[in-house]
S.K.: 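Pasting a structure below so you can have a look.
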Amino acid sequence: MDSKIPPPLTATQIGALLDTYLEPVLSTRRTSEEPTRGLLPLGHSDQVFCLDWTNIISKSNAEMAFQFVSKAPLAIKLMGAEGTRQWLLEAMDVYDREGLYPGSSTLGRIEEFAREYRLNNITVRLEDVRHILEIFVRGLSGRELTIQPGPRAFTDTQNLYLPGKVNRFNEYQLNYTFYKTLTVHLWAQTWFGTFRRPSPDSPHLHEILSEYEDNGRALRLFHLLETFRLNACIERELPGLAREQHGLYPTPKIHDATWQATVQRLQQKDAAVIDSLNATSKLYMLQQPWPDPFPYQGEMSLESARDAVENRLESDRTMLKKSLSDLIESLLNQSQPDEVLQDTDTHELQTVMDEFGDPGLTVDGESIPLPDDLEQLLSSIHQDLDSIPPEWLDMNGNDQHVDSPESGESMSLDTAITPDRENAFLYDEWDFRRQCYRKNWCVLTEHEVNAVYDDFTATTMEKYHHLVSDIKRHFEALRGENKSLKAQSFGDEIDLDAVITARSDMLTGVEMSDRLYSLMRKQERNLAVVFMVDMSGSTKGWINDAERESLLLLCQALEILGDQYAIFGFSGMTRNRCEIYRIKTFDEQYSREIEARISGLRPQDYTRMGVVIRHLSNILNAIEARTRVLITLSDGKPDDYDGYRGEYGIEDTRQALFEVRHRGIHPFCITIDKNAVEYLPRLYGPASYVVIDEVRKLPLKVADIYRKLTT
């Protein structure tokens, strides 16, 4: 006999169940059978779902269960069973953390939650697609651009700022395409010359448009006209992307004759930003309606672009002088005595553009091959200027515009590296309050550790002689460890799991695989590790001694394994004096010199961690290795006396760690801070840190932690 679906529960059955679950509340509050009648219209499966959850919730709080029963039919109608379950779990989570009233309030916001739930399946979040979009931008022409979250879509010519999420369309793929279209248009502004000027002395867009009486109106008009020009450029250069763009938003028809003629001119192949400016001047005075702006055109931040271009040109000009000098010296060294290039004061340099728009260089009219870095530098300058000023190519020292220490002028450390600090690096810092980066905010310098040749190494080896032999034994075994390779086409033994799988495939009609063996092979280690050692003032005394002892024992172990490793200390004071100390670089072999540097480690100032993580990740990313690990050895949380302590420092460090994970680097923290559980889970995640409860245990644990972390 065919089975039948059970009928919905009767009012009496539902009432009896609810009386059982909600007696503490219903005995005082229910004067009618509102909950009972509320569940009756539901199907049997939904009734059972609601009653099961009512039973579960009532064990925590009967009032929350009553609230759920009252609102469950509406939730089922708006979101279905799965959405209702998520809504309920969020409310119970709030109840567990904050109490009854906040939990009930969360249950009351059912329409708001339902709206977010419906959007969830179609919403594209920047954090999920940012890495893909950066690869996509890297595949286009032009300088290296990074993608950053921002309150609106715009570019400063160094970064592309995009909104945190997009849900304009009812399909996920269309919203992703919109993200890509936004990205392409911001890139197009940097590549097709929206911010390009004839020369360094020419006015910026900001200055030109600010001359209009209503400069906001002039900017909106210019942006619209420039978008028409960029659309035509994208259609010529990237027709596939143009088709995707038209699929989202077809180009609107323009009926006004003046606008038609203007747009046709901007769509010509030789149109440039000057044509958009001329059209702005012409149409600004006309009292005619404009076409609607394109939804994907974003906004323009002319001040940000102006500042970024000026800072970059200052840096590019200095780098160009040095690169050209190195190139000429190289050519002179390669030339024969009877060749032309014999005196750096007599040659003439000129830049040329080939048919593809790529820059080239001629010396006395002869084209010469360019190093990759110089070619990229020339390309970057050509994105900002129509042509490179002749004085920038003058190798006779006639460029009076370049600042030098003798000129009495120096560039601000907030925007560029001063000539007298050649080892300085500039890094952004994340401001969580503004939800954006502070550009070129931190100045980091590298220093050598003062080596101290004393008996510290001998004393440490004697102190831990029993531990050293144990470490060596474990690490030697690790080095020679064999690894079983499963599902091989030939091997030493039968792979039982593979055989069972193949047999199952055969019985279901799938062709059986011949990969039925296991093979033992020696495990190859392909690791690169950077140790980031806290040298802040709080490490004075036992902590500093324990750190130095740990590093010595660790080096002994790593030399056995043969892993690539480097060790850097870090400290500093304020954003203008962030410092790292080279203890051992990847290029150096372990030696008596390295031991003396470890012995010379001394506590310094504060703990500004974000900038150090960003710098060391750059060093680590330049190393060829299958696995890259950044291990921090610290005694406390991020801290600096200029406001970096507290939530600001934690959020910047968290953002820096988020950045390194996106680069494929695995961060880990070893700390002796007993309060670390309050902040390290947010920084590193629940499984990427360890707290050592006593300082004296640090040398005993570090090598063992490394062994477990890298196997």
S.K.: Salt bridge (charged side-chain N to carboxylate O under 4.0 Å, His left out) for Glu588 and Arg582? Distances and angles first, verdict last.
M.R.: CA-CA 11 Å; Glu588 293 179 304; Arg582 293 186 291 268; over 6 Å; no
S.K.: A side-chain contact here means heavy atoms from C-beta on lying under 4.5 Å apart; do Val629 and Phe531 qualify?
M.R.: no
S.K.: To check you understand the geometry: which heavy-atom pair defines the closest contact between Thr123 and Tyr172, and what is its length?
M.R.: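 Scanning both residues, the minimum pair turns out to be O-CE1, 3.4 Å.
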S.K.: Verify, without hydrogens or angle tests, whether Ser617 (side chain) and Val660 (backbone) share a donor-acceptor contact under 3.5 angstrom.
M.R.: no
S.K.: Between the main-chain N or O of Ser599 and the side-chain N or O of Arg548, is there a donor-acceptor pair closer than 3.5 Å?
M.R.: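 Such a contact is found between Arg548 side chain and Ser599 backbone.
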S.K.: Do any N or O atoms from the side chain of Asp93 and from the backbone of Leu89 form a donor-acceptor pair under 3.5 angstrom?
M.R.: no
S.K.: Using modelled atom types only, decide if a donor and an acceptor are shared between the side chain of Glu90 and the backbone of Trp87 within a distance under 3.5 Å.
M.R.: no
S.K.: Counting C-beta onward and ignoring hydrogens, is there a side-chain heavy-atom pair between Val452 and Leu601 closer than 4.5 Å?
M.R.: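 A side-chain contact is absent here, since even the closest heavy-atom pair is not under 4.5 Å.
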S.K.: Side chain of Asp652, backbone of Trp430: donor and acceptor closer than 3.5 Å?
M.R.: yes
S.K.: With a 4.0 Å cut-off on N to O distance, would you call Arg306 and Glu303 a salt bridge?
M.R.: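 Salt bridge: no.
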S.K.: Do you know which two heavy atoms are closest between Ala528 and Ile623, and how far apart they sit?
M.R.: CB-CG2, 3.8 Å
S.K.: Please give me the minimum heavy-atom distance between Asn440 and Leu426, naming the atom from each residue.
M.R.: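 Between these two residues, the closest heavy atoms are OD1-CB, 3.9 Å.
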S.K.: Restricting to side chain to side chain donor-acceptor pair (under 3.5 Å), what partner residues turn up for Thr460, sequence neighbours left out?
M.R.: none
S.K.: Counting C-beta onward and ignoring hydrogens, is there a side-chain heavy-atom pair between His615 and Ile580 closer than 4.5 Å?
M.R.: yes
S.K.: Is the cationic atom of Arg152 (NZ for Lys, CZ for Arg) positioned less than 6.0 Å from the six-membered ring centroid of Phe154 and within 45 degrees of its normal?
M.R.: yes
S.K.: Taking 4.0 angstrom as the limit, do Lys439 and Glu429 come out as a salt bridge?
M.R.: no
S.K.: If you compare all heavy atoms of Leu683 against all heavy atoms of Ile650, which two are closest, and at what distance to 0.1 Å?
M.R.: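 Smallest interatomic distance, heavy atoms only, reads CD2-O, 3.1 Å.
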S.K.: Is the closest basic N to carboxylate O distance between Lys165 and Glu127 below 4.0 Å?
M.R.: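 Salt bridge between Lys165 and Glu127, a charged N being under 4.0 Å from a carboxylate O: no.
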S.K.: Are Asp128 and Arg125 ion-paired here, with the side-chain N under 4.0 Å from a carboxylate O?
M.R.: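 A salt bridge is absent here (no side-chain N lies under 4.0 Å from a carboxylate O).
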S.K.: Can you give me the closest heavy-atom contact between Gln655 and Tyr437, atom names plus distance?
M.R.: NE2-OH, 3.0 Å
S.K.: Specify the closest pair of heavy atoms between Leu182 and Gly298, including all atoms of both residues, with the distance to one decimal.
M.R.: CD2-N, 4.3 Å
S.K.: Under a 3.5 Å cutoff, is there a donor and acceptor pairing between the side chains of Asp431 and Tyr648?
M.R.: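 No pair is found: no donor N or O on one side chain lies under 3.5 Å from an acceptor on the other.
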S.K.: Suppose the criterion is ring-ring contact (aromatic ring centres under 6.0 Å, His included): which pairs have a residue in residues 549-589, not counting sequence neighbours?
M.R.: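 The answer is His447-Tyr581.
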S.K.: Test your reading of the model: is there a side-chain donor-acceptor pair from Arg628 to the backbone of Ile665, 3.5 Å cut-off?
M.R.: no
S.K.: In terms of side-chain heavy atoms, does His662 have a donor or acceptor partner in Glu134 at a distance below 3.5 Å?
M.R.: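 Looking only at side-chain atoms, Glu134 and His662 do not form any donor-acceptor pair under 3.5 Å.
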S.K.: Rounded to the nearest 0.5 Å, what separation is found between the CD1 atom of Ile381 and the CE atom of Met319?
M.R.: 9.0 Å
S.K.: Can Asp316 and Ser380 be counted as having a side-chain donor-acceptor contact under 3.5 angstrom?
M.R.: yes
S.K.: Quick one: does Asn159's side chain have a donor or acceptor within less than 3.5 Å of a partner on Tyr161's backbone?
M.R.: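 Judged by distance alone, no pair lies under 3.5 Å.
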S.K.: Flag the pair Arg661 / Pro667 as yes when at least one side-chain heavy-atom distance between them is below 4.5 Å, and no otherwise.
M.R.: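 Yes, close enough: below the 4.5 Å cut-off.
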S.K.: Report yes if some heavy atom in the side chain of Thr183 is under 4.5 Å from a heavy atom in the side chain of Leu162; otherwise report no.
M.R.: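 Yes; the side chains approach each other to less than 4.5 Å.
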S.K.: Just by distance, do the side chain of Tyr179 and the backbone of Pro163 share a donor-acceptor pair under 3.5 Å?
M.R.: yes
S.K.: Under the 6.0 Å and 45° cation-pi test, does Lys180 pair with Phe136?
M.R.: yes
S.K.: Checking side chain to side chain donor-acceptor pair (under 3.5 Å) for the pair Ser536/Asp534: CA distance, chi angles, key distance, verdict?
M.R.: CA-CA 6 Å; Ser536 61; Asp534 186 356; 2.9 Å; yes
S.K.: Is the closest side-chain heavy-atom distance between Thr190 and Leu186 below 4.5 Å?
M.R.: no
S.K.: Under the 3.5 angstrom rule, does the side chain of Asn175 hit a backbone N or O of Ile122 as a donor-acceptor pair?
M.R.: yes
S.K.: Under 30°, 30 to 60°, or over 60°: which ring-plane class applies to Phe425 and Tyr427, parallel, tilted or perpendicular?
M.R.: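 Geometry flag for Tyr427 against Phe425: tilted rings.
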S.K.: Considering only heavy atoms from C-beta outward, does the side chain of Met461 approach that of Leu553 to under 4.5 Å?
M.R.: yes
S.K.: Could you pull out all residues at least two apart from Glu593 that satisfy side chain to side chain donor-acceptor pair (under 3.5 Å)?
M.R.: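 Glu593 satisfies side chain to side chain donor-acceptor pair (under 3.5 Å) with Tyr453, Arg597 only.
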S.K.: Heavy-atom distance under 4.5 Å between the side chains of Tyr176 and Leu133, does that happen here?
M.R.: yes
S.K.: Rounded to the nearest 0.5 Å, how far does OG of Ser379 lie from CG of Asp384?
M.R.: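 Here the interatomic distance stands at 10.0 Å.
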S.K.: Measure the CD1-CD1 distance between Ile594 and Ile598 for me, rounded to the nearest 0.5 Å.
M.R.: 7.5 Å
S.K.: Under 4.0 Å between a Lys/Arg side-chain N and an Asp/Glu carboxylate O for Asp156 and Arg312?
M.R.: no
S.K.: Measure the spacing between OH of Tyr684 and OG1 of Thr671 and express it to the nearest 0.5 Å.
M.R.: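 Tyr684 atom OH to Thr671 atom OG1 measures 9.0 Å (nearest 0.5 Å).
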S.K.: Would you compute the distance between atom SG of Cys669 and atom CE of Met532 and round it to the nearest 0.5 angstrom?
M.R.: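 The SG atom of Cys669 sits 8.5 Å away from the CE atom of Met532.
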S.K.: Mind running side chain to side chain donor-acceptor pair (under 3.5 Å) on Thr607 and Asp639 for me, showing each step along the way?
M.R.: CA-CA 5 Å; Thr607 319; Asp639 181 53; 5.6 Å; no
S.K.: Would you say Gln148's side chain and Leu160's backbone share a donor-acceptor pair under 3.5 angstrom?
M.R.: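 Checking the backbone N and O of Leu160 against the side chain of Gln148, no donor-acceptor pair under 3.5 Å is found.
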S.K.: Hey, what do you get for OG1 (Thr585) to CD (Glu448), rounding to the nearest 0.5 Å?
M.R.: 8.5 Å
